[in-house]
Amino acid sequence: RLLEPPLLTVSPWTSVRGALEPAAYGCWLMDPDIGGRDRIARSLAFRYGGLLHQKKAAGSMGDENGVRHAKERIQKVTADARRLGFEEKTDKKGRDLCVATTLPSSTECIRDNLFNESGYRILSSVAHSHPSAMIFVAFKATDESKPLLLSKNLSVGSACWLLMTAAD
């Protein structure tokens with residue numbers, strides 16, 4: 001679909017970004033250079049982080065049952081972590097941060113596991129609709145003498161980079 005008209009000049013960037021994040025976290029979780037205890041800590045941190053997001057999402061929708069369910073699951077993960085000798089961490093205001101180990105941000109995880117921080121930052125800029133990034137990767141001046149008139153464009157180099165990044 002990337003190379004077939006009508007060209008989709010923005011969505012490939014967000015699609016590749018969406019593939020990088022779980023790939024990086026998968027590499028972080030399954031790192032062959034860590035021991036069993038670290039792997040358990042990372043798994044707990046990943047699960048805990050996901051539950052915090054679930055609680056926030058439910059709260060933003062006014063879903064009291066969803067918030068309660070997420071809190072119950074957070075308590076279970078925290079209890080499991082304590083039983084295994086891990087601790088949870090809170091910020092200065094007492095808000096939950098993490099359990100067992102710190103969950104890296106997506107950017108940190110991609111930088112450290114896929115070695116592609118700069119590429120991810122470009123992809124994120126497009127996903128967050130930053131005009132300079134959108135124009136740079138997805139459009140070109142229709143007429144060089146009138147640079148404010150833009151048309152959709154996906155260069156061959158950009159298409160190759162997207163495909164290689166996704167495949168990698």
Side-chain angles (χ1 to χ4, degrees), residues 1-34 38-63 65-67 69-70 73-74 77 96-144 146-168:
R1 185 67 185 100
L2 172 67
L3 303 174
E4 293 290 322
L7 285 180
L8 301 174
T9 61
V10 174
S11 60
W13 299 91
T14 57
S15 296
V16 170
R17 179 183 186 261
L20 283 182
E21 289 179 17
Y25 280 111
C27 290
W28 180 72
L29 289 165
M30 301 306 295
D31 184 347
D33 295 330
I34 63 171
D38 286 337
R39 190 172 319 286
I40 291 168
R42 288 181 180 193
S43 295
L44 288 165
F46 188 74
R47 186 168 180 210
Y48 188 86
L51 290 169
L52 290 178
H53 284 292
Q54 183 180 345
K55 183 177 90 171
K56 288 178 189 177
S60 74
M61 294 182 279
D63 179 2
N65 287 334
V67 170
H69 180 69
R73 292 181 65 203
I74 288 169
V77 170
D96 298 330
L97 289 177
C98 65
V99 66
T101 191
T102 302
L103 181 66
S105 70
S106 297
T107 304
E108 292 168 331
C109 202
I110 287 166
R111 178 195 65 215
D112 297 343
N113 293 281
L114 301 180
F115 314 106
N116 195 0
E117 179 181 356
S118 59
Y120 180 70
R121 289 191 180 276
I122 292 167
L123 296 168
S124 292
S125 293
V126 173
H128 293 285
S129 302
H130 293 293
S132 60
M134 301 276 286
I135 291 168
F136 181 73
V137 303
F139 297 92
K140 71 174 181 177
T142 304
D143 179 348
E144 292 297 324
K146 300 175 186 172
L148 297 180
L149 297 174
L150 302 174
S151 62
K152 294 190 324 182
N153 180 61
L154 184 64
S155 71
V156 172
S158 290
C160 290
W161 184 86
L162 286 164
L163 291 167
M164 289 186 301
T165 300
D168 190 30

Looking only at non-hydrogen atoms, find the nearest pair between [X] and [Y] and report the distance.
X	Y	value
His69	Gln54	CD2-NE2, 4.1 Å
Trp161	Gly119	CZ2-CA, 3.7 Å
Leu114	Cys27	CD2-SG, 4.1 Å
Ile34	Leu29	CD1-O, 4.4 Å
Met134	Phe139	O-CD1, 3.4 Å

(message) Surrounding CG of Asp168 (heavy atoms of other residues, nucleotides or ligands, distance under 6.0 Å), is the total greater than 12?
(response)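 Not more than 12 within 6.0 Å, no.
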(request) Please work out which of the three classes, parallel, tilted or perpendicular, describes the rings of Phe46 and Tyr25, given edges at 30° and 60°. (result)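 Taking Phe46 first and then Tyr25, their aromatic rings sit tilted (interplane angle of 30° to 60°).
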(request) Could you give me the CA-CA distance, side-chain angles and deciding distance for Leu162 and Leu123, then say whether side chain to side chain contact (heavy atoms under 4.5 Å, CB included) is met? (result) CA-CA 10 Å; Leu162 286 164; Leu123 296 168; 4.1 Å; yes
(message) Applying side chain to side chain contact (heavy atoms under 4.5 Å, CB included) to Thr165 and Tyr120, what does each step give before you reach the verdict?
(response) CA-CA 10 Å; Thr165 300; Tyr120 180 70; over 6 Å; no
(message) Using the rule given for side chain to side chain contact (heavy atoms under 4.5 Å, CB included), can you reason through Asp31 versus Arg42, listing the C-alpha separation, both sets of side-chain angles and the distance that settles it, and then say yes or no?
(response) CA-CA 10 Å; Asp31 184 347; Arg42 288 181 180 193; 3.7 Å; yes
(request) Start with the C-alpha distance between Arg47 and Arg73, add both sets of side-chain angles, then the distance that settles side chain to side chain contact (heavy atoms under 4.5 Å, CB included), and finish with yes or no. (result) CA-CA 10 Å; Arg47 186 168 180 210; Arg73 292 181 65 203; 4.2 Å; yes
(message) Just by distance, no angles: are the side chains of Arg17 and Ser124 close enough, under 3.5 Å, to form a donor-acceptor pair?
(response)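 There is such a pair between these side chains.
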(message) What I'd like to find out is whether the side chain of Ile110 reaches to under 4.5 Å of the side chain of Phe115, using heavy atoms alone.
(response)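 Contact flag for Ile110/Phe115 side chains = no.
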